[in-house]
**Student:** 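Below are the structure tokens for one structure; questions will follow.
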Amino acid sequence: MSFRKDFIWGAATASYQIEGAAFEDGKGRNVWDDFTHAKGNVFGGHTGDVACDHYHLFKQDVALMKEMGVKNYRFSLSWARILPEGTGAVNQKGIDFYNALIDELVAAGIRPFITLFHWDYPSALQAKGAWTNPESPKWFEAYTEICARAFGDRVKDFITFNEPQCFIGLGYGSGVHAPGYRLPLNATVPMSHHVLVAHGLAVKKLRELVPGVRVGYAPCGDARIPASDSPADIEAARKSYFDVGDDPAGWAFNVSWWSDPAILGCYPEAGLSKLGQYLPDGWEKDMETICQPLDFYAQNIYNGRIVKAADNEYGYEFVDFEPGHPKTAIQWFITPEALYWGPKLLYERYKTPFLISENGMSAHDAVSLDGKVHDPNRQDYMHRYLREYKRAAEDGVDAIGYLAWSLMDNFEWAFGYFDRFGLVYVDYTTQKRTIKDSFYWYKEVMEQNGENL
Ligand code: NOJ
């Protein structure tokens with residue numbers, strides 16, 4: 001048994017993390033341009049002003065993908081590069097850039113997956129209250145329409161939002177990401193509702209304008225791994241995975257608040273009882289718009305938490321990792337079973353073809369004396385995780401694909417350039433790219449459709 005024959009193997013990136021050209025060719029500012037330029041927000045004062053300079057080097061990057069047998073590439077569009085003010089006048093040079101990138105991908109035989117929004121929110125719309133503004137779903141719908149009309153002839157795979165948990169939870173709850181606000185629940189909960197409405201409007205718009213479109217959504221969440229195979233622990237993991245908290249700084253980090261409305265058409269009971277009071281008036285009438293059929297449900301999964309049954313008010317408790325449990329450079333625990341239990345529990349609940357839209361490892365890579373980048377740790381990480389994902393597919397999850405994070409080292413948000421997630425090493429001084437050993441290994445995995453895992 002293996003992955004399905006048409007399994008989507010590929011890699012992913014996001015606009016602010018790789019493009020650079022932050023103030024070029026008419027691009028408007030976004031909240032990350034502002035956040036990185038304010039002191040103390042990002043490690044080392046790093047910014048995405050240049051990043052991997054992909055805006056200028058995209059042809060080289062596409063050639064590299066072709067060389068490595070990448071057949072599917074997920075990237076995001078910079079909203080403010082296309083609409084400098086967020087709404088209104090279109091920046092033709094922004095459209096030209098993405099057209100050139102898409103043409104290059106198609107010519108190289110690479111299927112483009114567009115993420116409409118991966119966190120770089122236009123500053124002009126931030127000034128109008130961003131997602132607190134009841135008009136904000138309409139702004140996103142209008143932006144989607146422009147993208148659908150401009151790129152929908154060649155791009156058929158779209159993802160509406162990447163990790164709403166993070167851009168709301170970290171951007172407006174804990175404030176560690178742009179725009180760096182720490183707002184109370186009566187602001188962030190309505191924001192989440194507006195994001196969900198925007199998602200629904202975008203799905204509808206894409207279906208209306210792009211023949212043959214396939215639309216997905218890419219939230220995230222630490223998967224849950226039952227402490228044992230006992231039914232009680234499995235149920236505890238399930239319960240914990242879909243539970244919702246109400247800590248103002250951390251409530252957004254859950255799966256069901258963001259996915260149940262989009263796929264099941266209702267907010268989860270566990271969330272409504274704690275957060276329902278903060279939803280905007282008349283929220284019920286939006287549920288039909290929010291719940292649109294999806295062609296695939298994507299998730300970014302990097303790790304999981306171990307859960308066991310407990311005789312407490314929650315019915316579960318978390319189990320600490322043993323001392324010295326392996327971690328990645330960014331200090332995330334390595335938990336391969338997250339790619340078994342995550343897809344399994346998510347597919348069981350949402351019953352929608354499932355895509356891993358991100359998974360990968362940060363490490364302190366370096367170019368060795370032989371000029372190569374040896375990263376056996378990343379290869380081992382991917383190997384272990386992919387075996388678990390394959391096991392989930394064999395156990396009945398309709399697993400349609402896996403997109404590695406990331407094609408190349410890039411700007412890791414508040415951590416700047418400290419950690420490296422790429423399959424390609426980037427020297428940020430010279431912009432020289434070096435293919436890492438793990439990428440040569442992943443090439444074989446893709447070629448063999450995972451038979452060698
Ligand atoms: C999720 C985010 O979507 C991506 O932008 C980020 O770089 C990776 N995780 C790694 O943290």
Side-chain angles (χ1 to χ4, degrees), residues 10-20 30-33 35-36 42-43 46-48 51-52 54 73-79 113-121 158-171 174 176-178 195 199 216-223 252-255 258-259 297-304 327-335 338-339 342 355-365 375 377-378 381-382 385 401-426 428 438:
T13 62
S15 45
Y16 189 78
Q17 296 183 268
I18 64 164
E19 283 179 5
N30 63 53
V31 293
W32 276 94
D33 294 321
F35 191 72
T36 54
V42 173
F43 171 81
H46 299 168
T47 74
C52 308
H54 176 73
Y73 175 52
R74 172 186 176 219
F75 60 100
S76 76
L77 306 177
S78 160
W79 185 342
F113 282 66
I114 282 184
T115 310
L116 288 167
F117 183 67
H118 198 129
W119 305 0
D120 40 1
Y121 196 73
F158 285 84
I159 289 171
T160 54
F161 285 100
N162 178 73
E163 298 195 352
Q165 287 91 343
C166 291
F167 69 82
I168 296 297
L170 301 176
S174 66
V176 302
H177 275 189
V195 169
H199 160 83
Y217 171 44
C220 63
D222 289 347
F253 292 90
N254 71 78
V255 169
W258 300 97
S259 297
Y297 175 64
Q299 270 251 351
N300 302 340
I301 300 180
Y302 290 84
N303 43 38
K327 281 189 209 150
T328 66
I330 208 168
Q331 302 293 304
W332 295 350
F333 286 114
I334 298 181
T335 56
L339 274 211
L355 171 74
I356 287 288
S357 39
E358 286 183 26
N359 170 252
M361 182 187 180
S362 63
H364 298 306
D365 304 303
D375 57 343
N377 45 0
R378 180 173 290 104
Y381 174 106
M382 291 175 75
Y385 275 68
Y402 175 91
L403 302 174
W405 186 269
S406 175
L407 174 69
M408 57 184 140
D409 294 336
N410 58 48
F411 176 81
E412 178 56 24
W413 309 112
F415 296 100
Y417 299 98
F418 189 72
D419 297 307
R420 294 176 176 273
F421 269 97
L423 294 165
V424 174
Y425 182 95
V426 177
Y428 298 109
S438 59

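Whatever order the structure lists ligands and atoms in, that order sets their numbers, starting from 1.
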**Student:** For Tyr302 and Phe421, take the angle between the two ring planes, folded into 0 to 90°, and tell me which bin it lands in: parallel under 30, tilted 30 to 60, perpendicular over 60.
**Tutor:**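 Correct class here is perpendicular.
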
**Student:** Applying the ring pair (Phe, Tyr, Trp, His ring centres under 6.0 Å) test to Phe161, which of Tyr217, Tyr121, Phe167 qualifies?
**Tutor:**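 It is Phe167; the other options fail the test.
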
**Student:** Which pair of non-hydrogen atoms, one from Arg74 and one from His118, has the smallest distance, and what is that distance?
**Tutor:**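 Closest pair (atom of Arg74, atom of His118, distance): NH2-ND1, 3.9 Å.
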
**Student:** With heavy atoms under 4.0 Å as the rule, classify the contact between Phe411 and ligand 1 as side chain, backbone, both or neither.
**Tutor:**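 Looking at Phe411 and ligand 1, no heavy atom falls under 4.0 Å.
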
**Student:** Short list, please: which atoms of ligand 1 are under 4.0 Å from a heavy atom of Asn300?
**Tutor:** 3 (O)

**Student:** Inspect the contact between Asp365 and Arg378 and indicate whether a charged nitrogen and a carboxylate oxygen are less than 4.0 angstrom apart.
**Tutor:**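 Yes, charged N to carboxylate O under 4.0 Å.
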
**Student:** For the atom pair CD1 (Ile330) and CG (Asp419), what is the distance rounded to the nearest 0.5 Å?
**Tutor:**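 If we round to the nearest 0.5 Å, Ile330:CD1 and Asp419:CG are 4.5 Å apart.
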
**Student:** If you have a sec, work out which protein heavy atom is nearest atom 11 (O) of ligand 1 and how many Å separate them, to one decimal?
**Tutor:**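 Nearest protein contact, heavy atoms only, for atom 11 (O) of ligand 1 is Glu412 OE2, 2.5 Å.
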
**Student:** Test your reading of the structure: does Glu358 have an N or O sitting under 3.5 Å from an N or O of ligand 1?
**Tutor:**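 Looking only at distances, the answer is yes, because the N/O contact criterion of under 3.5 Å is met.
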
**Student:** Only heavy atoms of His118, strictly under 4.0 Å: list the atoms of ligand 1 that pass.
**Tutor:**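 The list of qualifying atoms is 2 (C), 3 (O), 4 (C), 5 (O).
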
**Student:** Which atoms of ligand 1 sit under 4.0 Å from any heavy atom of Trp413?
**Tutor:** 4 (C), 5 (O), 6 (C), 7 (O)

**Student:** Counting heavy atoms only, which of Tyr302, Trp119, Phe421 is nearest atom 8 (C) of ligand 1?
**Tutor:**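 It is Tyr302 whose heavy atom sits nearest to atom 8 (C) of ligand 1.
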
**Student:** Among Phe411, Trp413, Phe35, find the residue that satisfies the ring pair (Phe, Tyr, Trp, His ring centres under 6.0 Å) test when tested with Trp119.
**Tutor:**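 The residue from Phe411, Trp413, Phe35 that satisfies ring pair (Phe, Tyr, Trp, His ring centres under 6.0 Å) with Trp119 turns out to be Trp413.
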
**Student:** Side chain or backbone of Asn162 under 4.0 Å from ligand 1, or both, or neither, by non-hydrogen atoms?
**Tutor:**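 The part of Asn162 near ligand 1 is the side chain, not the backbone.
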
